Chemist: 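Once you've had a glance at the structure underneath, I'll fire off some questions.
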Amino acid sequence: MSVNVLYRTSARATGGRDGRSATLDGALDVKLTTPKELGGPGGDGNNPEQLFATGYAACFLGAMKFVASRGDTTKVPADATVTSTVGIGPRSEGGFGLEIALAIALPGVERAAAEDLVAKAHQVCPYSNATRGNVDVKLSVV
């Protein structure tokens with residue numbers, strides 16, 4: 001499957017989970033710290049799972065707005081939220097894996113319409129497409 005790329009960015013990491021990661025244009029520069037739960041010091045800094053969770057939440061909300069803009073479903077209310085929870089741990093097959101859950105709040109939207117919008121957004125969101133068939137993403141309308 002080909003992609004007609006409309007935007008591209010690059011980032012460089014140094015030092016792994018206890019280093020830095022920054023976009024090459026300087027717009028984002030993040031200190032990285034391994035969480036205590038993964039054997040690190042914790043403290044100030046972020047980790048790749050936090051960055052993935054924030055990106056997925058924002059992207060999924062954008063996907064819902066895109067779907068709604070096509071006119072075939074309900075509108076996304078201004079106070080809509082997506083809460084992304086990303087877990088990491090050892091896989092039974094070896095290595096490490098991710099577990100992802102998205103909790104979507106669409107205040108004032110009837111449940112059936114909200115579930116329809118979420119299902120359609122899950123088909124167009126690039127994060128959902130990237131994880132499909134590899135990581136189980138649990139969706140819930142809250």
Side-chain angles (χ1 to χ4, degrees), residues 1-70 73-142:
M1 176 184 306
S2 65
V3 175
N4 178 20
V5 175
L6 300 175
Y7 171 76
R8 183 173 278 132
T9 188
S10 297
R12 180 173 294 127
T14 58
R17 285 182 166 271
D18 291 305
R20 289 201 93 65
S21 189
T23 56
L24 297 187
D25 65 5
L28 178 67
D29 188 338
V30 182
K31 175 185 173 192
L32 301 172
T33 304
T34 303
K36 289 181 181 181
E37 296 86 349
L38 296 178
D44 290 341
N46 297 102
N47 61 65
E49 292 71 39
Q50 290 171 318
L51 298 172
F52 188 85
T54 58
Y56 202 163
C59 193
F60 198 86
L61 188 49
M64 289 192 303
K65 289 180 176 184
F66 173 80
V67 168
S69 75
R70 312 287 283 186
T73 189
T74 188
K75 296 293 180 204
V76 177
D79 55 351
T81 62
V82 176
T83 302
S84 174
T85 303
V86 174
I88 184 173
R91 296 174 355 129
S92 57
E93 300 85 1
F96 290 84
L98 298 175
E99 174 186 275
I100 303 168
L102 301 179
I104 299 98
L106 295 161
V109 177
E110 79 171 49
R111 184 164 201 81
E115 289 173 349
D116 181 60
L117 176 61
V118 166
K120 289 177 178 174
H122 192 47
Q123 295 306 307
V124 302
C125 176
Y127 278 67
S128 294
N129 287 331
T131 57
R132 188 170 288 110
N134 185 40
V135 178
D136 184 32
V137 178
K138 293 178 176 68
L139 302 171
S140 62
V141 175
V142 296

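FYI, the numbering just counts along the sequence from 1. No experiment lies behind these values; they were computed from the predicted model shown.
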Chemist: What closest approach, in Å, do Arg111 and Val141 show between heavy atoms, and which atom pair accounts for it?
Modeler: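 Residues Arg111 and Val141, closest heavy atoms: NH2-O, 2.9 Å.
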Chemist: Are the side chains of Arg132 and Ser128 in touch, meaning some heavy atoms are under 4.5 Å apart?
Modeler: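 Arg132 reaches Ser128 side chain to side chain.
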Chemist: Of all the heavy-atom pairs spanning Met64 and Val82, show the shortest one and how long it is.
Modeler: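 Heavy-atom minimum between the residues: CE-CG2, 3.8 Å.
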Chemist: Within a strict 4.5 Å, meaning less than it, do heavy atoms of the Val67 and Val124 side chains meet?
Modeler: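 In short, these two side chains touch, coming nearer than 4.5 Å.
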Chemist: Can you measure from CZ (Phe52) to CD1 (Ile100) and round to the nearest 0.5 angstrom?
Modeler: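 Spacing of CZ (Phe52) from CD1 (Ile100) equals 4.0 Å.
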Chemist: Can you name the nearest heavy-atom pair linking Tyr56 to Ser84, along with the distance?
Modeler: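 Taking every non-hydrogen atom into account, CB-OG, 4.0 Å.
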Chemist: Atom OG1 in Thr83, atom CD1 in Ile104: separation rounded to 0.5 Å?
Modeler: 8.5 Å
Chemist: Could you go through Leu117 and Val109, starting from their C-alpha distance and side-chain angles, then the distance that decides it, and tell me whether this counts as side-chain contact (heavy atoms from CB on, under 4.5 Å)?
Modeler: CA-CA 10 Å; Leu117 176 61; Val109 177; 6.0 Å; no
Chemist: Kindly compute the distance separating NZ (Lys31) from CG (Asp18), expressed to the nearest 0.5 Å.
Modeler: 9.0 Å
Chemist: Would the number of heavy atoms belonging to other residues, nucleotides or ligands and lying under 6.0 Å from CZ of Arg91 be above 12?
Modeler: yes
Chemist: Can you name the residues that form a side-chain hydrogen bond (donor to acceptor under 3.5 Å, both in side chains) with Asp79, not counting sequence neighbours?
Modeler: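 Applying side-chain hydrogen bond (donor to acceptor under 3.5 Å, both in side chains) to Asp79 gives none.
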Chemist: Write down the atom of Phe60, the atom of Val118, and the distance for their closest heavy-atom approach.
Modeler: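 Smallest interatomic distance, heavy atoms only, reads CZ-O, 3.6 Å.
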Chemist: Output the distance between atom CG (Asp116) and atom CD (Glu110), rounded to the nearest 0.5 Å.
Modeler: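 Between atom CG of Asp116 and atom CD of Glu110 there are 10.0 Å.
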Chemist: How long is the gap from CG on Leu102 to OG1 on Thr81, to the nearest 0.5 Å?
Modeler: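 It is 11.0 Å, given to the nearest 0.5 Å.
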Chemist: Sequence neighbours left out, what pairs pass salt bridge (Lys or Arg N to Asp or Glu O under 4.0 Å) with at least one residue falling in residues 33-53?
Modeler: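 Qualifying pairs, neighbours excluded: Arg17-Glu49.
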Chemist: Residues in side chain to side chain contact (heavy atoms under 4.5 Å, CB included) with Arg70, at least two apart?
Modeler: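 Partners of Arg70 by the side chain to side chain contact (heavy atoms under 4.5 Å, CB included) criterion, ordered by chain and then number, come out as Phe66, Asp72.
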Chemist: Show the nearest heavy-atom pair for residues Ala80 and Pro107, with the distance to one decimal.
Modeler: CA-CD, 4.1 Å
Chemist: Okay, side chain of Gln50, backbone of Asn47: is any donor-acceptor separation there less than 3.5 Å?
Modeler: yes
Chemist: Do the side chain of Asp29 and the main chain of Ala22 share a donor and acceptor less than 3.5 angstrom apart?
Modeler: no
Chemist: Starting at CD of Glu115, measure out to OG1 of Thr74 and round the result to the nearest 0.5 Å.
Modeler: 13.0 Å
Chemist: Donor-acceptor check, side chain of Thr23 to backbone of Leu28, threshold 3.5 angstrom: yes or no?
Modeler: yes
Chemist: For Leu32 and Gly16, work out which heavy atoms get closest and say how close.
Modeler: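 Closest pair (atom of Leu32, atom of Gly16, distance): CD1-O, 3.4 Å.
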Chemist: CD of Glu99: more than 12 outside heavy atoms within 6.0 angstrom?
Modeler: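 Atom CD in Glu99 is not crowded, with 12 or fewer foreign heavy atoms closer than 6.0 Å.
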Chemist: Hey, is the main chain of Ala68 close enough, under 3.5 Å, to the side chain of Lys75 for a donor-acceptor pair?
Modeler: yes
